[in-house]
Amino acid sequence: MSVEKNPKTKEKSLTFTIFKSTFLLGSLVYFLCAIMFISNLYNYFEQQIFNELENEATFIEDFILNHQYDEIRNFDTKNRITLIHKNGEVFFDNKVDIQNLGNHFTREEILGALKNKQAKVSRFSSTMTEKTLYYAKQLSNQDILRISCNQHSVAVLVLGMSQSLLIMFVIAIIICAIIAKFVSKKIVEPLNKINLENPENSNVYQELKPFTHRIAEENFEKAQREELRQQFSANVSHELKTPLTSISGFAEILKNGGTDEQTTKDFANTIYEETQRMISLVNDIIKLSKLDEKSISQEKEEINLAELSKEIITPLLPVAEKKNVKIDVEAENQVFINGVRSVIFEMIYNLVENAIKYNKNDGKVIVKVSKISENPSSKKQTVVLSVSDTGIGIPKNEQERIFERFYRIDKSRSKESGGTGLGLSIVKHGAKYHNAKVTLSSQEGKGSTFEIHFEG
């Protein structure tokens, strides 16, 4: 059986996903590291420039205090030296005509020097491609010495290093790709080595242990289902073989002729009974198959369990009367559950029918429907249907197997009563279909009680 792939569905590759994630993470780390490196390098050089400006200010301070301005103007320096009175008036500048300079009292570096004796300030130019570093110091005569120089911005620095950065980027991309490929293969390798037949013995990551455990459970359940299927097939074959052999034998005798009228009637009656037994068996198998596959076509509905229980008793009264078994129904009038009516009917019918069949003469069957609150703090109530009898009971060592398909405690008695051996299996699977729970309490020679708990 071939499975057609949806052309719109793209197949996902774990190896590629890990590769992509590792590659992108590596690239991101590279960019972050590059940004941090350039930023720290730029700040380092800026601090070095401020230190040089401070050293230069200390060097020329004596020249200023001695009014040797001409010598200062002749210094071989690219830095701009400005002298300012404490009122902000500029009285010396080695680069610019002081007549063109306004009052500097409101400048940030001047205010800082007046307050803290010295100040370091940087300001970007209007184009943002360059910024000016200012070092201002208040001298002993209360005048302020300011030294400044220009520095390229980070953008210009990066642009100037673009060729080197590009080469580093290509190298980083190649390294990231190689590492990502290696890492992705290493991560996926243990997954490819998982032994699906015996997954729990595979050497996998700790995080995958629940996954391999689940596969092991699935394998176990699959093996169990296969074993049950084989057993079921063998049991069905065995159950059908006996009536078919009987029907074939009697039909052959009738075909050959020579039987009297009474014998012919007896043979025909036997053939009819065996046929009915086969029909019942096939019907039960179909019911079980539908419950197994959850292919019941009927919708769930609200069912009054008390009324349904009383309804089921009616067709079983003739069977009970033959054994002089009394049936009582103890139920509240308004007890509702949500379920498939035909399935619930079959479950209760099988329990009551078994309670009659395996009862003692002059016995009693009690069908009880009630509501209980298993958790007082919760508003939800559990509906319990119980079927009790005063019959032969079930031995302790066989109670766990009673719900198996075709399992019979007393095979000869079961066949005499017309049972298919599937009644309790239908009850169990019907309960599972409704998320209900079946329990059994039995004592050999004193009777049994089956309970079905429907969660509210």
Side-chain angles (χ1 to χ4, degrees), residues 280-281 283-288 290-292 294 296 298-323 325-359 363-372 381-391 393-394 399 402-405 407 414 417-442 447-456:
S280 297
L281 179 62
N283 285 336
D284 283 351
I285 291 171
I286 292 171
K287 291 170 189 173
L288 270 176
K290 287 183 177 180
L291 288 170
D292 277 343
K294 295 186 177 180
I296 298 171
Q298 294 170 299
E299 295 289 333
K300 289 184 178 181
E301 60 181 287
E302 194 174 55
I303 302 168
N304 189 327
L305 203 57
E307 288 184 1
L308 183 61
S309 299
K310 293 173 184 177
E311 181 185 325
I312 289 170
I313 300 305
T314 305
L316 288 171
L317 286 176
V319 182
E321 287 173 0
K322 286 181 181 180
K323 296 187 66 172
V325 173
K326 184 181 179 183
I327 305 175
D328 287 338
V329 178
E330 299 175 4
E332 301 174 23
N333 290 328
Q334 302 298 318
V335 181
F336 293 92
I337 63 168
N338 192 40
V340 179
R341 186 178 183 83
S342 61
V343 177
I344 301 296
F345 183 98
E346 193 70 31
M347 291 165 63
I348 302 171
Y349 187 93
N350 282 332
L351 289 177
V352 178
E353 186 182 36
N354 281 349
I356 297 170
K357 286 180 181 178
Y358 300 103
N359 215 319
K364 190 174 184 180
V365 175
I366 300 174
V367 181
K368 187 183 293 185
V369 181
S370 58
K371 290 188 289 187
I372 61 171
Q381 290 185 318
T382 299
V383 175
V384 180
L385 180 136
S386 67
V387 178
S388 304
D389 64 63
T390 57
I394 302 168
Q399 289 181 15
I402 198 68
F403 294 100
E404 293 178 12
R405 299 173 185 187
Y407 186 80
S414 296
S417 61
T420 62
L422 296 174
L424 289 179
S425 291
I426 292 173
V427 173
K428 178 185 175 182
H429 284 75
K432 185 178 179 181
Y433 183 82
H434 288 88
N435 295 319
K437 183 173 64 175
V438 183
T439 61
L440 166 64
S441 174
S442 182
S448 306
T449 298
F450 289 87
E451 287 187 351
I452 307 175
H453 294 246
F454 296 94
E455 297 297 328

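Residue numbers run from 1 in the order of the sequence given.
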Exercise. To the nearest 0.5 Å, tell me how far Leu305 CG sits from Lys371 NZ.
Key: 11.5 Å
Quiz prompt | His453 and Thr439, any side-chain heavy atoms less than 4.5 Å apart | solution = yes
Practice problem: Would you check, one step at a time, whether the test side chain to side chain contact (heavy atoms under 4.5 Å, CB included) holds for Leu308 with Arg341? | Solution: CA-CA 9 Å; Leu308 183 61; Arg341 186 178 183 83; 3.7 Å; yes
Self-check item: CD1 on Ile303 to NE2 on His434, rounded to 0.5 Å
Solution: 6.0 Å
Self-check item: Euclidean distance, Leu351 CG relative to Phe450 CZ, rounded to 0.5 Å
Solution: 6.5 Å
Practice problem: Kindly say whether Lys357 contributes a backbone atom to a donor-acceptor pair with the side chain of Lys323 at under 3.5 angstrom? | Solution: yes
Quiz item: Could you state the interatomic distance from NZ (Lys428) to CG (Leu440), rounded to the nearest 0.5 Å?
Solution: 12.5 Å
Quiz item: Is the closest side-chain heavy-atom distance between Val384 and Lys368 below 4.5 Å?
Solution: no
Quiz item: Should we say atom NZ of Lys326 is surrounded by more than 12 heavy atoms from elsewhere, each under 6.0 Å from it?
Solution: no
Quiz prompt | Main-chain N/O of Asp389 paired with Thr449 side-chain donor or acceptor, under 3.5 Å | solution = no
Quiz item: Ile348 and Ile344: side chain to side chain contact (heavy atoms under 4.5 Å, CB included), yes or no, with the steps?
Solution: CA-CA 6 Å; Ile348 302 171; Ile344 301 296; 3.9 Å; yes
Exercise. Tell me, please, which residues at least two apart from Asn338 pass side-chain hydrogen bond (donor to acceptor under 3.5 Å, both in side chains).
Key: none
Self-check item: CD1-CG distance between Ile313 and Asp328, expressed to the nearest 0.5 angstrom
Solution: 9.5 Å
Quiz prompt | Nearest heavy atoms of Val343 and Gly430, plus distance in Å | solution = CG1-CA, 4.0 Å
Quiz item: Does Lys364 offer a backbone N or O that forms a donor-acceptor pair with the side chain of Asn359 under 3.5 Å?
Solution: yes
Exercise. Specify the closest pair of heavy atoms between Ile356 and Ala320, including all atoms of both residues, with the distance to one decimal.
Key: CG2-CA, 3.8 Å
Quiz item: Which pair of heavy atoms, one from Ser442 and one from Ser448, lies closest together, and at what distance?
Solution: OG-OG, 2.7 Å
Exercise. Measure from the side-chain N and O atoms of Asn350 to the backbone N and O of Leu424, and report whether any donor-acceptor pair falls under 3.5 Å.
Key: no
Quiz item: Do you know the tightest heavy-atom contact between Lys300 and Tyr433?
Solution: NZ-O, 3.8 Å
Quiz prompt | From Glu346 atom CD to Ile312 atom CD1, the distance as rounded to the nearest 0.5 Å | solution = 9.0 Å
Quiz item: Any idea which heavy atoms bring Thr390 and Gly363 closest together, and the distance?
Solution: OG1-CA, 3.4 Å
